[in-house]
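A note on names: the letters A, B, ... follow the listed sequences, proteins ahead of strands, and every chain is numbered from 1.
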2 protein chains.
Amino acid sequence: MPRVQLTREDVLDAATRLVVQHGPQDLTMRKLAAELGTAVTSIYWHVGNRESLLDALVERTVQEMGALVPRGRTPVDRVVSVARALRRELRARPHLIAMVHERGLTERMFLPAQQALVHEVHAAGLRGARAAGVVRAVQFQVVGHVLVERNRERSPVQSPAEADLWSPDLAEHDPALARALARPADPERVFVVSVRALVGALLGAAAG
Amino acid sequence: MPRVQLTREDVLDAATRLVVQHGPQDLTMRKLAAELGTAVTSIYWHVGNRESLLDALVERTVQEMGALVPRGRTPVDRVVSVARALRRELRARPHLIAMVHERGLTERMFLPAQQALVHEVHAAGLRGARAAGVVRAVQFQVVGHVLVERNRERSPVQSPAEADLWSPDLAEHDPALARALARPADPERVFVVSVRALVGALLGAAAG
DNA sequence: ACCTGAACACCGTTCAAGT
DNA sequence: ACCTGAACACCGTTCAAGT
């Protein structure tokens with residue numbers, strides 16, 4: 001792609017490409033310069049330094065996580081639909097999401113979703129501090145689940161260790177449970193079941 | 001501390017000290033050598049390379065997260081007590097926990113807790129795949145919450161952004177909620193409320 | 001306003017040589 | 001078996017000099 005003059009956007013685009021493919025540890029200023037066909041030091045003029053560059057990528061990611069449209073009839077259904085949409089968005093950009101997490105901005109990225117949650121909690125008849133508590137609980141739950149799930153996917157030794165731990169004692173006592181825990185979890189299912197249970201409990205308990 | 005001969009344990013101890021204080025990015029082989037009063041290359045004889053050294057620190061951390069004693073009378077109380085104990089352990093070693101997370105070993109670290117959870121779910125009368133589902137849901141919930149909480153603590157711009165988002169529209173519509181969300185969350189409270197709600201819902205629903 | 005190459009301080013790692 | 005210093009390839013960053 002020929003280019004008259006290097007811009008900040010050019011740098012961010014090339015950097016995003018490298019990070020999405022191989023993760024941030026593979027983004028060196030020298031590789032990036034080679035990719036852009038410029039001197040290493042030109043990059044510094046446009047983005048300051050490496051840390052600011054990564055910050056800019058993270059900021060972009062946070063911005064892109066736009067508003068989400070809830071679907072379904074009941075508040076519980078609609079909250080679950082927001083949660084599932086969030087999960088999908090996050091899973092499409094694992095490296096960038098990890099960087100957002102490292103910088104402590106995960107929660108800020110979730111602010112649009114928080115607005116949707118407030119709307120649904122209101123629809124369920126809750127107000128004030130009580131409603132805020134429910135919103136926070138759901139938010140922690142969804143964000144947390146996605147982080148754990150990412151973690152699980154990268155883990156190389158998970159299932160064997162789990163199987164090792166369970167096989168002797170438990171296999172005899174409750175073999176079906178041992179088998180179920182030895183199998184890899186279906187995260188989508190765990191996710192939906194948990195969110196539904198939590199939201200149902202918190203909205204139901206307060207409404208009733 | 002004078003020392004006749006450098007051992008692998010000496011290296012791990014010194015490395016742990018550096019990581020606990022300033023995080024892994026501050027652990028360089030040269031600083032570590034200075035700390036130990038040896039040549040940089042001696043370290044390589046004992047631990048291979050930097051990556052293996054960090055892996056060893058992570059492995060140690062995972063091992064130290066020993067068995068946990070549940071307290072309380074009902075299964076729900078006992079699960080909540082395990083969850084709170086885990087939370088406390090993790091918060092004492094933030095940098096090391098982040099490293100465990102980066103290596104995808106968070107779940108393996110939670111295996112002892114998983115055993116305790118299985119015991120309580122059994123006590124509540126659940127068996128087999130159904131019990132496994134509850135164990136997994138609680139595990140995701142607890143691990144996820146701790147990760148999110150760590151994240152929140154490091155975030156510098158959380159509350160202002162949150163306040164900005166809420167002040168115009170919502171302050172009028174539900175000022176108490178806006179105030180509640182503008183205040184920093186009490187994570188301990190969110191944690192206990194969520195775990196209790198989830199466990200209550202999953203155990204209660206299946207038992208009844 | 002934008003780009004460049006040279007130079008600096010730092011890094012992890014290898015290796016041949018010591019005891 | 002354990003330790004060492006020299007050397008290598010790589011890194012982010014600064015800076016004076018160019019246009």
Side-chain angles (χ1 to χ4, degrees), chain A residues 1-61 95-96 98-100 102-104, chain B residues 1-61 95-96 98-100 102-104 154 156:
Chain A
M1 46 197 84
R3 162 177 29 77
V4 179
Q5 193 181 308
L6 189 66
T7 69
R8 185 182 156 86
E9 290 305 303
D10 292 330
V11 175
L12 295 186
D13 289 343
T16 300
R17 242 176 288 132
L18 286 176
V19 166
V20 165
Q21 282 175 25
H22 306 104
Q25 78 286 353
D26 232 58
L27 174 68
T28 75
M29 302 304 267
R30 284 170 163 87
K31 273 189 201 167
L32 186 53
E35 181 91 356
L36 288 163
T38 57
V40 192
T41 43
S42 301
I43 299 172
Y44 284 81
W45 199 93
H46 288 284
V47 299
N49 56 26
R50 184 173 185 273
E51 200 52 33
S52 312
L53 171 56
L54 293 182
D55 287 346
L57 296 190
V58 164
E59 190 55 37
R60 245 197 193 180
T61 306
H95 288 306
L96 284 168
M99 288 165 62
V100 173
E102 280 157 25
R103 279 163 179 73
Chain B
M1 44 195 87
R3 161 177 30 79
V4 180
Q5 195 182 306
L6 189 66
T7 69
R8 186 181 155 87
E9 290 305 304
D10 292 330
V11 176
L12 295 187
D13 288 344
T16 300
R17 242 175 290 133
L18 287 177
V19 166
V20 165
Q21 283 175 23
H22 306 104
Q25 77 286 351
D26 232 59
L27 174 68
T28 74
M29 302 303 268
R30 284 172 164 87
K31 273 189 201 167
L32 186 53
E35 181 92 354
L36 288 163
T38 57
V40 193
T41 43
S42 301
I43 299 171
Y44 283 83
W45 198 93
H46 288 284
V47 298
N49 56 26
R50 184 173 186 274
E51 200 53 31
S52 312
L53 170 56
L54 292 182
D55 286 346
L57 296 189
V58 164
E59 189 55 36
R60 246 198 192 178
T61 306
H95 288 306
L96 283 168
M99 288 165 62
V100 172
E102 280 157 24
R103 279 163 180 72
R154 276 178 311 163

(message) Under 4.0 Å, heavy atoms only, any strand: does S42(B) hit a base, just the sugar-phosphate, or nothing?
(response) base
(message) Closest approach to the side chain of R30(B), judged atom by atom: which nucleotide of dC11(D), dC3(D), dC11(C) is it?
(response) dC11(C)
(request) Indicate the atoms forming the closest heavy-atom contact of A56(B) with R8(B), along with that distance. (result) CB-NH2, 3.7 Å
(request) Could you tell me the separation between the CG atom of L6(A) and the P atom of dT4(C), rounded to a whole number of Å? (result) 8 Å
(message) Let's see if you can work this out: which of dC3(C), dC2(D), dG12(D) has an atom nearest to the side-chain heavy atoms of M29(A)?
(response) dG12(D)
(request) Calculate the interatomic distance between D26(B) atom CG and dG12(C) atom P; express it in whole Å. (result) 11 Å
(request) Write down the atom of A14(A), the atom of L32(A), and the distance for their closest heavy-atom approach. (result) CB-CD1, 3.7 Å
(request) Look at the side chain of H46(B) and the backbone N and O of L6(B), then say whether any donor-acceptor pair between them is shorter than 3.5 Å. (result) yes
(request) Measure the distance from CG on L32(A) to P on dC10(D) and round it to the nearest whole Å. (result) 17 Å
(message) In whole Å, I'd like the distance from the CG atom of L27(A) to the C1' atom of dG12(D).
(response) 12 Å
(message) Rounded to whole Å, how long is the line connecting atom CD1 of I43(A) with atom P of dT14(D)?
(response) 14 Å
(request) Using the salt bridge (charged side-chain N to carboxylate O under 4.0 Å, His left out) rule, take R103(B) and E59(B) through it: C-alpha gap first, then chi angles, then the decisive distance, then the call. (result) CA-CA 10 Å; R103(B) 279 163 180 72; E59(B) 189 55 36; over 6 Å; no
(request) Find the distance N49(B):CG to dT13(C):C1' and express it as a whole number of Å. (result) 8 Å
(message) Can you measure Y44(A) atom OH to dG12(D) atom C1' for me and round it to whole angstrom units?
(response) 4 Å
(request) For dT4(C), take OP1 and OP2 only and decide whether either is under 4.0 Å from a side-chain N or O of T41(A). (result) no
(message) Please tell me if H46(B) has a side-chain N or O lying less than 4.0 Å from either OP1 or OP2 of dC3(D).
(response) yes
(request) Kindly give the heavy-atom pair with the smallest separation between L57(B) and L12(B), and that separation in Å. (result) CD2-O, 3.6 Å
(message) Just the rounded figure in Å: distance from C1' of dC2(D) to CH2 of W45(B).
(response) 6 Å
(message) Side chains of S52(A) and N49(A) only: does a donor on one sit below 3.5 Å from an acceptor on the other?
(response) yes
(request) Please list every stem that involves DNA chain D, where a stem is a run of 3 or more consecutive Watson-Crick or G-U wobble pairs with both pairing distances under 3.5 Å. (result) C:4-8 with D:12-16, C:12-16 with D:4-8
(request) Tell me which of G48(A) and K31(A) sits closer to the 5' end of DNA chain D, going by the nucleotide each one is nearest to. (result) K31(A)
(message) Whether the D10(B) and T7(B) side chains hold a donor-acceptor pair (N or O, under 3.5 Å, no angle test) is what I'd like checked.
(response) yes
(request) Ignoring backbone atoms, test whether T38(B) places a side-chain nitrogen or oxygen under 4.0 Å from the OP1 or OP2 oxygen of dC3(D). (result) no
